[in-house]
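In what follows, every chain begins at residue 1, and chains take the letters A, B, ... in the order their sequences are listed. Keep in mind that what you see is a predicted model, and the values were worked out from it rather than measured. What's counted below: heavy atoms across the whole structure, side chains too, no hydrogens, waters or symmetry copies.
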Amino acid sequence: MKTSCFHLYTLKETPADAEIISHQLMLRAGLIRRLASGLYTWLPLGLRILRKVEAIIRREMDNAGGLELLMPAVQPAELWQESGRWEQYGPELLRLTDRHQRDYCVGPTHEEVITDIFRCEIKSYKQLPINFYQIQTKFRDEIRPRFGVMRAREFLMKDAYSFHIDQDSLQQTYDHMFDTYSRIFDQFGLKYRPVNADSGSIGGSASNEFHVLADSGEDAIAFSDQSNYASNVEMAEAICTQTREAPQQSRELVETPGQHSISEIAEFLSVAVEKTLKTLIACGEKNQLIALVLRGDHDLNTIKAEKIPGIASPFQMADADEIKKQLGCDIGSLGPVELNIPIFVDRSAAAISDFVCGANQNDKHITGVNWGRDLPEPNIVDIRNVVEGDPSPDGKGILSIVRGIEVGHIFQLGDKYSSALNATVLDENGKSVITKMGCYGIGVSRVVAAAIEQNNDESGIIWPMSLAPFHLAICPINYHKSELVKQAADDFYQQCQQKGIEVLLDDRPLRPGAMFSDMELIGIPHRVVFSERGLKQSQCEYKGRCDDQSQDLAIDDLAEFIKQKLSG
RNA sequence: CGGGGUGUAGCGCAGCCUGGUAGCGCAACUGCUUUGGGAGCAGUGGGUCGGGGGUUCGAAUCCCUCCUCCCCGACCA
């Protein structure tokens, strides 16, 4: 490809509304353009990258025995009513009505459609297991689309659905897809981690997410330094190895005027934050309030808290006015002592003694408080986020925390959809049985953003070879003035094309600096420069995208040198 | 949805307070010079100042209203 025949449109300045680096670089490099909130056009350069991601996924899915098909983006309401999700899914489901007043939605996912296809097409256990997949546009009407294609409303996804006669077969395919996903992410050339995940409302026993590691990731991942345990922090069990010591202090009511936050209290009373308790008030079912007690230095995990019986779902903290009305003090002075609502106490909070907590009177706290003595033995639950240094739940090593971007997610669905939609096959006894299902997704467009988020520098994007829109940039200096340069560049360009190298010849009449900047911004991994000065000595110049310095090469060695570079 | 901010040329911004001919830089186009790290000079084109309504002789500017986009969403307990 020659730049003169391509649409290369880069921006020197960063658009003001792009917040994260991948969004900024995707706009500046001319990969995408925004059409409306959460809706993006993939320009020719961006599309080349998207297609690379697709191709890797498609190849590995095919190798793994997946069968590609393509389902409609628009789906009839009837199917969603049958599964119960027409009501459940909420406003994220974009609904529409056709001219006959029939209801449809734009698919945010395709469990209903694939299950319908299955029940029409597959009749016998002999046809199982089977794994269908597609690479297709999804639409989710996010409350707040942001970060460019990272959290867009319309996005490209690979979704696969497997069907099985029993759990063993499902487990086998699930494990196989786990391995396939690992191969796919290896080929992307990205640093990633598979982690245990919350299977959430979708149900089923097993669920793993695949995260591309990047500091800007929206998710936190906890992993052990001595085993392969890795889990989304949402899910990671917080282990408390500490045992409670016997009380030594006596309980005392102290004045803490104007001191509200844990850090203020700890400093004011000269105690460690680990010796304080914080009391959070959550909404229960039927307008009741429920207290959640944590150690002062720990954070509440709302996903865990939501699972406590009696807590309202979705999880919601109580309103400050409501708290004042029912409990008689402001939120900065709450504590579990003589608090007449249900109280749940985190494991670590239950393991401390002689602690400080609010007195349920404004500007008063209590010191030297002890479970069992000053208040009843606690009702112990796991409701906090794990922190760096916690013991690993598998008993091996301690946890570290890194940030990740969720780009893949695999689930065992069990029979949730197959039973709702009555997807059955005949077994070897001629009896009708409900099939088991698995589902396996990869956010194709999100992979592109995640790759940039992980691989960039002050000059722009740094593509791994497997995703690069072009592998090699040829930058001729004075292409339009020097016949020598033009000749050399054109010759080499043709050679590359004949060898099937994805090459971009920059034949724009630009000064070298502008040309180099553009090629670096769009992240081409390898660059060759032809100049009259060099050619007169039968030399040209090579620089890798991450090299500090360029190196001079004899023209005669160039072809072999590039061949080596591209195969490495 | 709630709160905050924002909207002026493709992009980045000034002008608004204190009403009086709509500006700057980049990008684009033309010409000349330049050609190893985002060139210089000269010139050109491009705007319903987010939409609507109002106040006024006169509105980008003041008032009302609708919209867009961005940010934040109790952990201060």
Task: Non-neighbouring partners of A/Asp141 that pass salt bridge (charged side-chain N to carboxylate O under 4.0 Å, His left out), sequence neighbours left out - done: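 So A/Asp141 forms a salt bridge (charged side-chain N to carboxylate O under 4.0 Å, His left out) with A/Arg153.
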TODO: Using the test salt bridge (charged side-chain N to carboxylate O under 4.0 Å, His left out), find all partners of A/Arg146 that sit at least two apart in sequence or belong to another chain.
DONE: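 Scan of A/Arg146 (salt bridge (charged side-chain N to carboxylate O under 4.0 Å, His left out), adjacent residues dropped) gives none.
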Task: With sequence neighbours excluded, residues passing ring-ring contact (aromatic ring centres under 6.0 Å, His included) with A/Phe355 - done: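 With neighbours one apart ignored, the set is A/Trp371.
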Task: With sequence neighbours excluded, residues passing ring-ring contact (aromatic ring centres under 6.0 Å, His included) with A/His526 - done: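 ring-ring contact (aromatic ring centres under 6.0 Å, His included) list for A/His526, sorted by chain: A/Tyr542.
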- [ ] Kindly say if A/Arg511 contacts the phosphate of B/G38, meaning a side-chain N or O under 4.0 Å from OP1 or OP2.
- [x]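 For B/G38, OP1/OP2 do not have a side-chain N/O of A/Arg511 under 4.0 Å.
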TODO: Respond yes when some side-chain nitrogen or oxygen of A/Arg146 is under 4.0 Å from OP1 or OP2 of B/C72, and no when none is.
DONE: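 The answer is yes; a side-chain N or O of A/Arg146 sits under 4.0 Å from OP1 or OP2.
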Which base sits across from [N] as a Watson-Crick or G-U pair, both distances under 3.5 Å?
{"N": "B/A42", "answer": "B/U30"}
{"N": "B/U35", "answer": "none"}
{"N": "B/C13", "answer": "B/G23"}

Task: Side chain of A/Lys12 - closest among B/G36, B/C70, B/G38 - done: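 Of B/G36, B/C70, B/G38, B/G38 is nearest to the side chain of A/Lys12.
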TODO: Taking only the side-chain heavy atoms of A/Ala514 (C-beta and beyond), determine which of B/G38, B/C69, B/G36 contains the nearest atom.
DONE: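 Taking heavy atoms from C-beta onward, the closest nucleotide is B/G38.
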Could you check which residues of [range] get a heavy atom under 4.0 Å from RNA chain B? Sort them by number, please.
{"range": "residues 19-32 of chain A", "answer": "A/Glu19, A/Arg28"}
{"range": "residues 531-541 of chain A", "answer": "A/Ser531, A/Arg533, A/Glu541"}
{"range": "residues 327-345 of chain A", "answer": "A/Ile331, A/Gly332, A/Leu334"}

Taking [atom1] from [X] and [atom2] from [N], how many angstroms apart are they, rounded to a whole number?
{"X": "A/His480", "N": "B/U35", "atom1": "NE2", "atom2": "C1'", "answer": "12 Å"}
{"X": "A/Ile522", "N": "B/G38", "atom1": "CD1", "atom2": "P", "answer": "18 Å"}
{"X": "A/Asp506", "N": "B/G37", "atom1": "CG", "atom2": "C1'", "answer": "14 Å"}
{"X": "A/Phe530", "N": "B/U35", "atom1": "CZ", "atom2": "P", "answer": "21 Å"}
{"X": "A/Asn478", "N": "B/G36", "atom1": "CG", "atom2": "P", "answer": "7 Å"}
{"X": "A/Asp141", "N": "B/C1", "atom1": "CG", "atom2": "P", "answer": "11 Å"}
{"X": "A/Leu8", "N": "B/G38", "atom1": "CG", "atom2": "C1'", "answer": "13 Å"}

Quick one: side-chain hydrogen bond (donor to acceptor under 3.5 Å, both in side chains) partners of [X], sequence neighbours excluded?
{"X": "A/Lys138", "answer": "A/His110, A/Gln136, A/Asp159"}
{"X": "A/Trp463", "answer": "none"}
{"X": "A/Arg508", "answer": "A/Asp506, A/Asp518"}
{"X": "A/Gln564", "answer": "A/Glu560"}

- [ ] Between A/Val529 and A/Lys278, just flag the one whose closest nucleotide in RNA chain B comes earlier from the 5' side.
- [x]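 Its nearest nucleotide lies further toward 5', so the answer is A/Val529.
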- [ ] Would you kindly compare A/Ala318 and A/Lys543 by the position of their nearest RNA chain B nucleotide and give the one closer to the 5′ end?
- [x]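 By nearest-heavy-atom nucleotide position, the 5'-most residue is A/Lys543.
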Just checking [X]: base, sugar-phosphate only, or nothing, at a heavy-atom cut-off of under 4.0 Å?
{"X": "A/Gln259", "answer": "nothing"}
{"X": "A/Arg144", "answer": "base"}
{"X": "A/Arg527", "answer": "base"}
{"X": "A/Ser261", "answer": "sugar-phosphate"}

- [ ] Measure from NZ or CZ of A/Arg140 to the centre of the six-membered ring of A/Phe155, then state whether that distance is under 6.0 Å and the direction lies within 45° of the axis.
- [x]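 Not flagged: A/Arg140 not positioned over aromatic ring of A/Phe155.
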Could you go through nucleotides 11-13 of chain B and list every protein N or O atom that sits under 3.5 Å from one of its N or O atoms, giving the distance for each pair?
residue	atom	partner	partner atom	Å
B/C11	O2	A/Glu13	OE1	3.4
B/G12	OP1	A/Ala16	N	2.7

